[in-house]
Amino acid sequence: MVVKRVRTRFAPSPTGYLHVGGLRTALYNYLFAKKMDGDFIIRIEDTDQTRKVEGAEKNLIRMLEWAGIIADESPERGGNFGPYVQSERLDIYKSYCDQLLEDNHAYYCFATSEELEENRQLQLKQGLQPKYNRKWLPEELGGSVPASEIRKKLDAGDPYVIRMKVPDYVSVWFEDIIRGPIEFDSATIDDQVLMKSDGFPTYHFASVIDDHLMEFTHIIRGEEWLPSMPKHLLLYEFFGWEPPKVAHLPLLLNPDRSKLSKRQGDVAVEDYVRKGYSSDAIINFVAMLGWNEGEGSEQEVYSMQDLIEKFSLERVGKAGAVFNVDKLNWLEKQYIKQRPAEKILGVIKPILAAELEQRVSLMPLEVITGDEYLKKVIELMRERVGFEHEFVTFSPYFFFEPDSYDEEAVKKRWTADTNELLREFTDILYALESFSAENIEVKLKEFVAPKGLKAAALIHPLRILASGVSFGPSLYHMLEVLGKETVLRRILKGIELITFSELPLE
RNA sequence: GGCGUGUUCGUCUAGUGGCCCAGGACAUCGCCCUCUCAAGGCGAAGAUCACGGGUUCGAAUCCCGUACACGCUACCA
C-alpha cells in the first residue's frame, strides 16, 4: 500500500488577531507535518462575511511567520489545491451541495430565524435538546412537504437554507488520535445547515469539502470541534469519501481554568510580541502546553528543530492546560542567556535608536551605538534581563547619564568621608593608562587597603554614581565598558550633588 | 436540560499493574557563592494520584458509578 504524503492545515477565520490557542493549533499541525516530511497548509475560512475583519488574514499569516511557522501552501504562496480562501471557492461548494440535494442527503428549508428561535425556546422549556424540527423535510426524505410546495417557494424567490438530512437510528463512531474511540448517536445530531441564505456555506460544509479536495491526511484542531465531528463524518459518508484522521487538542485555560480569554490576561500573540517575548520562547512554551516528550525526558528548552524531531500526536495530553506566564518568563530568560549577541544586536539597535531620539546622551554616539560596545553591554547584562528590550531600558546608564540616585542606597552606603574618598580615587582613575576592569580593581584595592577600609566602601558609592542604582553587573566590568571619560564625569557630577551633611543622621 | 470530553504538587507535567507512601520543571522559601542585582549550586516545602466501589497477591495505572470542571448545543467559526 502506498503511504500518502502527510498534509495538515491551519484554518483560521480572519476575524482579528491570532489567539495563542490558535498559534498552538497551527504549531502542532506544522510540527506533525514536518516531522512526517509532509506539507503544512494555511486556508482562510471567511464564510461568515459579517465577522470578516480587514487585514486580519495578512496579520494571521504574518504572526505565524514571525513564530517560524511557514506554510508550504497558503493564499499568499499559492499551491496546487487553491484557491486557499473559502470565499473564492463558492462555486465548488454549490456543486457539491447540488449533488447532496440530488442524492436526497440534503433539503431546502424555508424556516425563518424567528420560527427557529421560537422552536428552540419551546424545546428548551420542555427539557429537550434544541434541534431543527424538520418542518420542511420533503416527502421523498420521509417528511411531509410535497415537492410542488418546495418548487413554489423556490420559484417565488423565497429565501432558504439547505440542511443536511441526518439519518435516523445510526451511530457514528470514530477514533480520535489523542482521545481514542468516541461514539455519537445520530438522534443527538442536528440537521445542520450546509448552505446559508446568503449563498455561503457554513463552516461545517466548507471545511469538509475543502479538507477532502485539498487532500489533508490529518485534521488537528481544538477540542471545541469534537461535538461536530459526527456531522462531518456523515458528510464524508454521503460523498463516499474516506475521512482523514483526526486529533482534537485540549483547550488552553485562564488561571481560573475557564477557557483562555481576554480580561484575564493577554490572548493575542501580538500582545506577547509587543511585550518583548521572542518567538523561541513563545513556541517552546506553547508547545509544552499539552505536549511532552515523555520517556523520562527532563528537557525543558526545545528549539523548533528539536520539536520537529520529537513531536508526536500520541504524546499530546487530553486535559486543558493553564497558560502560566511565570514559566514563559523563565523560558525567555533561558533563551536570552544562550542567544548569540549578533542576534540580540538586531533587536536592540532600533530600540536604542528610538530612545536616543527621546533623550540626550553625553556619551559618544558612534561608540554607544556600535556593535563592539553593545556586545559588551549584552554580555554584562544577559543574565540580568528578562526581555531583549531591557538591554536598553533596564540599564539605561550604559547610554544615558543617571538622572537620579537611588535614595535608599545613598543613605545606606554614604559616610562622612565617602565624597573625599571618591575625589581622591578619581585622580587615580584619571591617571590610569588602561581603563580595564583588572586595572581598576587593582587600583581600588591598593587605594583602600592602607586606609583600613573594605573595597565595598568604595564599590557601592561608585556603582551608585556611575549607574544611579544599587544593582547591576560587576562594578569593575561596568566601569570598563562605560569608559574613563564617562565614569569620571559621573563621579564628579555625583559628589557635587550628594552631600553627606544633607543626609538625615540616624 | 441534552450530548461530549476531561480530572496526578499552586501551575506545566512524568507515570500505561509491582522500580511510586509518586519523579522533573516553573513559582515560593532557606543556605552557599558574592561588591550589589542577577545567574549558578545545594536544600526545603508542596499531590490522601477528584471521590466511592470493584477486578487483582498487588492499582495513579484496568472496570463501574458519583462529583466537579470544561466544551458543544447558531443561517459563528
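Each chain gets a letter, A, B and so on, in the order its sequence line appears, and its residues count up from 1.
- Between the CD atom of A:E332 and the P atom of B:C12 there is a distance of 21 Å, given to the nearest Å.
- A:I182 comes within contact range of the sugar-phosphate backbone alone, with a heavy-atom separation under 4.0 Å but no base atom that close.
- Across all strands shown, A:R221 has no heavy atoms under 4.0 Å from either base or sugar-phosphate atoms.
- As judged by a 4.0 angstrom heavy-atom cut-off over every strand, A:S197 is placed among the base-contacting residues.
- The distance between atom OH of A:Y277 and atom P of B:C26, rounded to the nearest whole Å, is 16 Å.
- Within 4.0 Å (heavy atoms only), A:A455 reaches no atom of the nucleic acid at all.
- Note on A:R163: a side-chain N or O is less than 4.0 Å away from OP1 or OP2 of B:C75.
- Residue contacts for A:F285: at a heavy-atom cut-off of 4.0 Å it reaches no nucleic acid atom on any strand shown.
- Remark: C1' of B:C26 and CH2 of A:W330 are 7 Å apart, rounded to the nearest angstrom.
- Under the side chain to side chain contact (heavy atoms under 4.5 Å, CB included) criterion, A:A341 pairs with A:K375, A:I378, A:E379, sequence neighbours left out.
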Report all side-chain donor-acceptor pairs from residues 12-20 of chain A shorter than 3.5 Å, counting only partners two or more places apart or in another chain.
residue, atom, partner, partner atom, Å
A:H19, ND1, A:G21, N, 2.8

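- A close approach under 4.0 Å does not occur between any side-chain nitrogen or oxygen of A:K454 and OP1 or OP2 of B:C35.
- A salt bridge links A:E424 with A:K451: the closest approach of a Lys/Arg side-chain nitrogen to an acidic carboxylate oxygen falls below 4.0 angstrom.
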Evaluate the criterion side-chain hydrogen bond (donor to acceptor under 3.5 Å, both in side chains) for residue pair A:N119 and A:Y132; output intermediate values, then yes/no. CA-CA 8 Å; A:N119 180 236; A:Y132 176 57; over 6 Å; no
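- Counting only heavy atoms from C-beta outward, the side chains of A:R490 and A:Y397 approach each other to under 4.5 Å.
- The cationic group of A:K165 does not satisfy the cation-pi geometry with A:Y107, failing either the under 6.0 Å distance to the six-membered ring centre or the 45° limit from the ring axis.
- Ion pairing between A:K337 and A:E332 fails under the 4.0 Å rule for side-chain N and carboxylate O.
- Separating the CD atom of A:Q334 from the C1' atom of B:G40 is a distance of 11 Å, rounded to the nearest angstrom.
- For B:C57, the paired base is B:G18 (Watson-Crick or G-U wobble, both distances below 3.5 Å).
- Counting any heavy atom pair closer than 4.0 Å across all strands shown, A:K337 reaches sugar-phosphate atoms only and no base atom.
- As a whole-Å value, the separation of A:E223 CD from B:C3 P is 18 Å.
- Sorted by residue number, the members of residues 189-196 of chain A with any non-hydrogen atom under 4.0 Å from RNA chain B read A:V193, A:K196.
- For A:F425, the ring pair (Phe, Tyr, Trp, His ring centres under 6.0 Å) partners two or more places apart in sequence, or in a different chain, are A:F447.
- Spacing of C1' atoms, B:A50 relative to B:U5, comes out at 16 Å, to the nearest Å.
- Distance A:K318 NZ to B:A14 P: 10 Å, rounded to the nearest Å.
- The cationic group of A:R24 lies under 6.0 Å from the six-membered ring centre of A:Y28 and within 45° of the ring axis, placing it in a cation-pi geometry.
- Qualifying side chain to side chain contact (heavy atoms under 4.5 Å, CB included) partners for A:E54, counting only residues two or more places apart in sequence or in other chains: none.
- With C1' as the reference atom, B:A67 and B:G18 are 30 Å apart, rounded to whole Å.
- Looking at residues 204-213 of chain A, you'll see that no heavy atom sits under 4.0 Å from any atom of RNA chain B.
- Between A:R43 and A:D211 a salt bridge is recorded (basic side-chain N to carboxylate O distance below 4.0 Å).
- In this structure the side chain of A:F285 never reaches within 4.5 angstrom of the side chain of A:Y302, judged on heavy atoms.
- For residues 464-481 of chain A, proximity to RNA chain B is found at A:S470, A:F471, A:G472, A:P473, A:S474, A:L475, A:Y476, defined as any non-hydrogen atom under 4.0 angstrom from a strand atom.
- Inter-residue side-chain proximity for A:M478 and A:F398 is flagged as met; some heavy-atom pair is nearer than 4.5 Å.
- A salt bridge does not link A:D48 with A:K52: every distance from a Lys NZ or Arg NE/NH1/NH2 to an Asp or Glu carboxylate oxygen is 4.0 Å or more.
- Applying the side chain to side chain contact (heavy atoms under 4.5 Å, CB included) rule to A:V85 yields the partners A:I44, A:D46, A:E57, A:P75, A:S87, A:E88; only residues at least two apart in sequence or on another chain are considered.
- Atom-to-atom, CG of A:L331 to C1' of B:U11 comes out at 13 Å; the value is rounded to the nearest Å.
- Counting non-hydrogen atoms under 4.0 angstrom, A:A457 reaches nothing in the nucleic acid.
- The distance between atom CD of A:E117 and atom P of B:U73, rounded to the nearest whole Å, is 13 Å.
- Applying the side chain to side chain contact (heavy atoms under 4.5 Å, CB included) criterion to A:S436, with sequence neighbours excluded, gives A:S434, A:E438, A:N439, A:E480.
- At the phosphate of B:A14, OP1 or OP2 sits under 4.0 Å from a side-chain N or O atom of A:N292.
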All N/O pairs under 3.5 Å across the protein-nucleotides 28-30 of chain B interface:
none

Could you write out each protein N or O paired with an N or O of nucleotides 60-69 of chain B at a distance under 3.5 Å?
none

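- Within 4.0 Å of A:V322, counting heavy atoms only, lie sugar-phosphate atoms of the nucleic acid but no base atom.
- Within residues 379-391 of chain A, the residues having any heavy atom under 4.0 Å from RNA chain B are, by residue number, A:E383, A:R384.
- Here A:G222 lies out of heavy-atom contact (under 4.0 Å) with every strand.
- Within the nucleic acid shown, A:A456 has no heavy atom closer than 4.0 Å to any nucleic acid atom.
- Residue contacts for A:K333: at a heavy-atom cut-off of 4.0 Å it reaches the sugar-phosphate backbone alone, with no base atom in range.
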